[in-house]
Amino acid sequence: MYKIAIHSAKIADPDSRERQGIVYLCTMSKKVRVRFAPSPTGGLHLGGVRTVLYNYLFAKKHGGDFIVRIEDTDQSRYVPGAEEYIFDCLRWCGLEPDESVQHGGNVGPYRQSERKALYKKYAQQLIDQGHAYYAFDTPEELEQMREKNKTAENPSPQYDQHLRHKMRNSLTLTEAEVKNLLDQNTPHVIRIKMPEGKTLSFTDLIRGEVSFDTSTVDDKVLLKADGMPTYHLAVVVDDYLMKITHAFRGEEWLPSAPVHLLVWQYLFGWEHMPQWAHFPLILGPTGKLSKRDGAKYGFPVFAMNWKDPKSGELTEGFKEKGFLPEAFVNLLALLGWNEGTEKEVYAIDELINAFSMERVHSSGAKFDYEKAKWFNHEWIKKSSASRLLPFVRNQFEKANLIVADTDQLEKVIDLVKERCTLLSDFVEQSRFFFERPSQIDTASILSKWSPEKEAFFSSLIHYYEQTHQWTAQELEKILKDLALSQSLKVGELMLPLRIMLVGGKFGPGVFDIAALLGQQETLQRLVQAKQLILKGI
RNA sequence: GGCCCGUUCGUCUAAGGGCUAGGACACCACCCUUUCACGGUGGUGAUACGGGUUCGAAUCCCGUACGGGCUACCA
């Protein structure tokens with residue numbers, strides 16, 4: 001149980017200097033409930049996953065519930081498959097919701113489009129209270145208003161206290177006119193009536209006190225002409241109905257916080273309002289991270305591959321790029337938060353244990369792909385071969401590399417994992433264990449070839465044929481003894497041997513390779529390569 | 001333009017009045033390694049600027065500059 005202090009909003013009237021601010025301190029223990037509320041309009045990017053993560057960590061840390069609510073109130077932006085995709089991403093990351101469209105729960109439905117009927121009542125309540133009004137302006141009229149009032153100093157005029165009296169709404173029309181328009185089902189929206197000259201403030205868990213002058217905020221639409229709520233109404237109504245105790249979202253929402261504060265106050269009272277926290281943005285090289293940045297700078301932005309059903313455009317995800325979910329979660333956690341120690345590699349349970357909202361930064365963080373790869377490398381190194389196995393098999397499949405022997409594959413994984421930064425690196429790093437190299441870099445051998453070496457490898461093959469101890473140690477001993485007896489430098493023999501076995505200058509220790517390859521395969525490769533060298537190819 | 005948020009090495013960050021400003025990534029050098037990695041050692045590199053407050057400021061306050069976000073019947 002997490003003790004929550006509800007005292008996070010105040011309103012002040014500068015004229016009367018009266019702080020009608022109401023500071024509540026609620027020490028009652030209440031089950032923590034947080035939500036992630038994505039709009040199913042496309043791929044789930046880094047910032048979205050990090051928002052999920054921080055919500056999840058906070059909930060789990062305090063024994064609370066993590067809820068996913070689908071914000072699909074904009075029907076024009078509906079993208080088939082996007083909702084399913086979001087849950088797939090969360091599953092891959094291991095961040096399973098406690099309640100959602102897919103997980104059930106008793107404060108549903110968890111899809112806002114299915115809650116449509118609910119919102120109207122609250123919008124009506126605001127009208128009845130005088131805190132909202134009907135507006136009949138058409139999109140064209142709004143456009144005209146913006147054009148007409150646009151000046152150099154004010155490039156984007158707002159539907160606010162200065163202009164609302166010039167528009168067609170229930171504040172300017174007579175009661176009879178409004179009734180008539182309503183009776184005729186004239187398309188209309190419901191707008192909040194922002195009060196004038198009040199200072200609204202609340203305590204953000206990350207930023208401390210944030211305040212706004214209501215005179216600078218416009219009359220946001222709460223209920224759209226199609227009867228759907230906008231985010232501003234839905235977020236408040238649903239957070240209330242779903243008993244959300246802590247509302248966390250990206251910093252891009254901060255400017256509209258005063259609207260939400262007011263709706264909370266009018267509809268439910270601040271004593272029920274969740275505690276707010278606005279996470280810093282994750283920035284790309286040129287500002288707010290976008291999938292375009294990814295395409296431009298060569299790194300993934302989405303959690304998983306996303307194919308836009310309309311354009312068919314495919315955007316690569318971290319999963320398919322070869323990231324381990326543990327690493328992805330780890331690197332995201334550290335982008336905007338740290339424990340205050342020098343620890344950087346965390347498993348999810350360690351994150352849950354160490355996480356605290358107070359240590360989330362208030363400044364934006366630029367995403368660094370190099371560091372992201374480092375996290376993945378660390379996780380590959382520390383993961384067991386059996387953990388890595390399914391991921392590696394998946395990569396092999398994509399590369400048409402079929403390996404039946406699991407034991408052998410696990411041995412290979414252990415041998416090569418320290419040189420794999422991405423899971424996809426396993427293919428090139430271990431292919432030669434299972435397939436003869438298609439290319440042999442004989443040029444590197446030929447440049448220093450000699451009759452002495454020719455003789456050496458002939459006898460090496462002979463001795464390797466004779467031995468019954470096919471171990472790395474034994475193979476090394478045979479080679480060294482032989483080199484000594486023929487007065488050759490070991491160093492000049494290792495590279496040719498390596499190239500004969502793997503095709504190039506890479507891979508783990510050459511005797512480990514030979515040991516794993518087995519006697520028969522090793523000998524065949526040596527014989528074959530030697531023939532190529534003999535022919536001078 | 002207005003409003004809001006922010007500002008410590010190139011990047012992620014530590015240090016919430018008292019140190020040569022610490023670590024990690026990246027980069028460079030060396031060691032280890034008869035390949036490539038891993039690992040190890042060292043190096044380059046930061047408190048945006050100007051005023052206060054204080055015996056003492058990266059840290060608190062104010063201003064300036066810069067960066068970012070928002071400014072839809074999108075979320």
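All values below were derived from every heavy atom in this structure, side-chain atoms included, with hydrogens, water molecules and symmetry-related copies excluded. Order of the sequence lines sets the chain letters (A, B, ...), proteins ahead of strands, with each chain counted from 1.
- For A:F426, there are no ring-ring contact (aromatic ring centres under 6.0 Å, His included) partners, not counting sequence neighbours.
- Where A:E342 and A:L334 meet RNA chain B, the nucleotide closest to each residue was compared, and A:L334 sits on the side nearer the 5' end.
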If you look only at distance, which donor and acceptor atoms sit under 3.5 Å apart when one is on a side chain in residues 35-48 of chain A and the other is two or more places apart or in another chain?
| from | atom 1 | to | atom 2 | distance (Å) |
| --- | --- | --- | --- | --- |
| A:R35 | NE | A:D239 | OD1 | 2.8 |
| A:R35 | NE | A:D239 | OD2 | 3.2 |
| A:R35 | NH1 | A:F248 | O | 3.4 |
| A:R35 | NH2 | A:D239 | OD2 | 3.0 |
| A:S39 | OG | A:E71 | O | 3.4 |
| A:T41 | OG1 | A:S39 | O | 3.4 |
| A:H45 | ND1 | A:G47 | N | 3.1 |

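- Pair check for B:C19 finds none; no Watson-Crick or G-U wobble contact set falls under 3.5 Å.
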What string of B, S and - do you get for nucleotides 63-72 of chain B 5' to 3' if you count protein non-hydrogen atoms under 4.0 Å?
-----SBSBS

Once each nucleotide of nucleotides 31-43 of chain B is scored for protein heavy atoms under 4.0 Å, what B/S/- sequence comes out, 5' to 3'?
---BBBBSS----

With 3.5 Å as the limit, what N/O pairs link the protein to nucleotides 8-11 of chain B?
none

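- Residues A:E476 and A:K480 are paired through a salt bridge, judged by an N-O separation under 4.0 Å between the basic side chain and the carboxylate.
- Positionally, the nearest nucleotide of RNA chain B for A:W374 lies more toward the 5' end than for the other of A:W374 and A:P38.
- Among residues two or more places apart in sequence or in another chain, the ring-ring contact (aromatic ring centres under 6.0 Å, His included) test is passed with A:Y119 by none.
- The salt bridge (Lys or Arg N to Asp or Glu O under 4.0 Å) check on A:K373 picks up A:E370, with sequence neighbours excluded.
- The side-chain tip of A:K381 does not point at the ring of A:W379 from less than 6.0 angstrom away and within 45° of straight on.
- Base pairing of B:C32: no nucleotide in any strand meets the Watson-Crick or G-U wobble criterion (both distances under 3.5 Å).
- One can place CG of A:L335 at 19 Å from P of B:A24, the figure rounded to the nearest angstrom.
- Nucleotide B:A72 has no partner under the Watson-Crick or G-U criteria, as no pair reaches both atom distances under 3.5 Å.
- Each side-chain hydrogen bond (donor to acceptor under 3.5 Å, both in side chains) pair with one or both residues in residues 333-344 of chain A, not counting sequence neighbours, appears once here: A:E339-A:Y346, A:K343-A:E350, A:E344-A:K371.
- With a glycosidic angle no more than 90° from 0, B:C38 adopts the syn conformation.
- A:F432 meets the ring-ring contact (aromatic ring centres under 6.0 Å, His included) test with A:F506; sequence neighbours excluded.
- Whole-Å rounding puts the A:Q112 CD to B:C74 P distance at 13 Å.
- Legend: residues meeting ring-ring contact (aromatic ring centres under 6.0 Å, His included) with A:Y85, ordered by chain and number and at least two apart, are A:W306.
- Base pairing of B:G50 is made with B:C62, judged by Watson-Crick or G-U wobble geometry with both donor-acceptor distances under 3.5 Å.
- Listed by first and then second residue, the side-chain hydrogen bond (donor to acceptor under 3.5 Å, both in side chains) pairs that reach into residues 489-505 of chain A come to none, sequence neighbours excluded.
- For residues 217-229 of chain A, the pairs satisfying side-chain hydrogen bond (donor to acceptor under 3.5 Å, both in side chains) are A:Y133-A:D219, A:R164-A:D219, A:D218-A:K220, with sequence neighbours left out.
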